[in-house]
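Structure first, then comments.
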Amino acid sequence: MTSLSAAGSHVGKVRSNNQDSGYAGTHLFVVADGMGGHAGGDVASAIAIQSIAHVDRPFDSVDEAENALRAALLEANGELAESVFQHPELTGMGTTVSGVVRVGDRLALAHIGDSRIYRWRDGELTQITKDHTFVQRLVDSGRITAEEAAVHPRRSVLMRVLGDVDLNPEIDTEIVETQPGDRWLLCSDGLSGFVSDERVAELLVEHTDASAAVGALIDESLDEGAPDNVTVVVVDIDESPTSSAPQPVMVGAAAQPLTYAAKAPKRSVRLPALLLHPLKAVTIPEDEHFEPESEEFLRELIAEDARRKVRRRITWSIGLVLVAALVVGALVAGYQWTQSRFFVGVSDGQVAVFQGVQQGIGPFPLSSVYLESGIDVDDLSPFTRQRVEATINADDLPDALSIIERLRDELD
Ligand code: CA
């Protein structure tokens, strides 16, 4: 049976627990990507999804849906702060949330963090949300390009999330039109950070059923190594008034019972593994983290970015000088080799020994007369003259001189 919407979540290939959550219902669709040490991220995304899920109901207008969604995200933020107050070991936990409520041919969107909402229309994928990340700031202010942002070492630093930091976080909301044939993709950065938009668009063409598309997108992230948790929700728009999943489904951390007890960090195997197989050691990606938006912090990050650019420029300059030195060295060595060669030929009608090689570089000859023999070419037999005019290679200078002597003998 085909479904109009579906959600899926996978822990990935590197992380030990899934801190993402997702929801696909009748009217509401959400992804949340939690963060906060070894206990907290999963709790944060699960609390957020569970406190937003009640918005999965019909609305008279899309504006009403937008207001309800924004209010639900703020409630979730309050729930997170309350949980931290009750369980101080969760301090610092936070979560992204990107969600949509469908009201007929319109969608209300709400978004905070770096999970993403894309629209796929006529085979083309368009990112609708804007990441609340440090690197997006740098892109917006023209300091770096989107391509540089995608590989920037600070790309996982978030400027805004739901959590216990800000009691009134800034949430982006928006109302957009939709039409039959549109597909809406909600995903955590475990997909968007590792699978290109082009590939995502292709997979959405190939897999027309929502749950097949979700499975294919998660598989693609796993094929790319899936260093992060990956969560995907696909919502298809047809003539029906809603895009119901067969039944409302929660995935990822939200699908598990909440555990508030801090887990012991798993470190025991890493050191021996590293010692036994130093080359096979896996680099664990830098954990996502949230940095409060302060002027001082921004200045520090921007200064760090500038230092990195200077370092890169210096590395480039040294590289260029080295390459230039190698090229010059090779040319000098090549020229010196040509000057160790000798041949016999004709200069001004006389047989002569040349130092160098017959070939030149463009208009520049690589040979010069080393010794004139005093033998007139006209005195040679026609056959010998032809050979001399075509030049005779010598192994070295003594060989060249002995060729001259043989020619002299021929004359007598
Ligand atoms: Ca993530």
Side-chain angles (χ1 to χ4, degrees), residues 7-22 31-46 48-49 89-90 92-98 113-116 131 133-135 149-158 161 163 185-197 199-200 203 213-233 250-256 258-259 261-291:
S9 187
H10 197 289
V11 66
K13 289 190 167 171
V14 173
R15 296 279 168 93
S16 59
N17 69 334
N18 193 347
Q19 305 195 328
D20 281 3
S21 292
V31 295
D33 177 349
M35 63 213 64
H38 40 264
D42 47 351
V43 176
S45 72
I49 293 281
E89 72 273 16
L90 297 175
M93 73 173 174
T95 185
T96 74
V97 175
S98 298
D114 70 344
S115 297
R116 289 182 176 175
D131 295 346
T133 53
F134 166 63
V135 291
V151 295
H152 195 282
R154 290 280 206 161
R155 64 186 175 279
S156 58
V157 175
L158 293 168
V161 286
L185 167 68
L186 291 74
C187 64
S188 63
D189 64 341
L191 180 74
S192 54
F194 305 102
V195 180
S196 70
D197 287 5
R199 186 67 189 131
V200 168
L203 287 167
V214 165
L217 290 167
I218 290 176
D219 283 349
E220 188 72 13
S221 181
L222 292 171
D223 285 348
E224 294 294 325
D228 198 1
N229 309 143
V230 51
T231 299
V232 177
V233 176
M250 277 188 193
V251 295
Q256 310 295 324
L258 284 187
T259 51
K263 294 161 214 156
K266 290 183 191 166
R267 292 197 194 281
S268 52
V269 295
R270 225 182 271 171
L271 189 57
L274 202 69
L275 290 174
L276 286 171
H277 308 284
L279 292 176
K280 288 186 186 167
V282 177
T283 317
I284 308 287
E286 188 192 347
D287 203 5
E288 275 170 0
H289 61 292
F290 169 65
E291 304 279 2

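What you see below is based on every heavy atom in this structure, not just the backbone, and it leaves out hydrogens, waters and symmetry mates. Owing to the predicted nature of the structure, the values given are computational and were not obtained by experimental measurement.
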Measure the spacing between [atom1] of [X] and [atom2] of [Y] and express it to the nearest 0.5 Å.
X: D114; Y: S192; atom1: CG; atom2: OG; answer: 7.0 Å
X: L191; Y: T231; atom1: CG; atom2: OG1; answer: 9.5 Å
X: K13; Y: E224; atom1: NZ; atom2: CD; answer: 10.0 Å
X: Q256; Y: N18; atom1: CD; atom2: CG; answer: 8.5 Å

Note to self: Would you say that V14 contacts D228 through its side chain, given a criterion of any heavy-atom pair below 4.5 Å between the two side chains?
What the structure shows: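 A side-chain contact under 4.5 Å is absent here.
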Check: Would you say S188 and V31 make side-chain contact, with heavy atoms under 4.5 Å?
Finding: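 No, every pair of side-chain atoms sits at 4.5 Å or beyond.
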Considering all heavy atoms of both residues, which atom of [X] and which atom of [Y] are nearest to each other, and what is their separation?
X: L186; Y: S98; answer: CD2-O, 3.4 Å
X: Q19; Y: M35; answer: OE1-CA, 3.7 Å
X: A255; Y: M250; answer: CB-O, 3.4 Å
X: G8; Y: V214; answer: N-CG1, 3.5 Å
X: A46; Y: A254; answer: CB-CA, 3.7 Å

Next item on the list: Sequence neighbours left out, what passes side chain to side chain donor-acceptor pair (under 3.5 Å) with S115? Give chain and number order.
Entry: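 Checked S115 against side chain to side chain donor-acceptor pair (under 3.5 Å); matches are T96.
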Margin query: Is it the case that the side chains of D20 and S9 hold a donor-acceptor pair, with the cut-off being a distance below 3.5 Å and no angle test?
Written below: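 S9 vs D20: no donor-acceptor pair found between side chains.
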Notebook entry, point to check: Of D33, D131, D189, which is the lone residue that meets salt bridge (charged side-chain N to carboxylate O under 4.0 Å, His left out) with R116?
Noted result: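 Single pass found, and it is D131.
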Check: Do any N or O atoms from the side chain of R155 and from the backbone of H152 form a donor-acceptor pair under 3.5 angstrom?
Finding: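 Between the backbone of H152 and the side chain of R155 there is a qualifying donor-acceptor contact (under 3.5 Å).
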Check: For A44, what residues pass the side-chain contact (heavy atoms from CB on, under 4.5 Å) criterion, not counting sequence neighbours?
Finding: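 If we apply the side-chain contact (heavy atoms from CB on, under 4.5 Å) test to A44, skipping adjacent residues, the hits are L80, M93, T95.
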Margin query: Using the rule given for side chain to side chain contact (heavy atoms under 4.5 Å, CB included), can you reason through L217 versus L185, listing the C-alpha separation, both sets of side-chain angles and the distance that settles it, and then say yes or no?
Written below: CA-CA 10 Å; L217 290 167; L185 167 68; 3.8 Å; yes
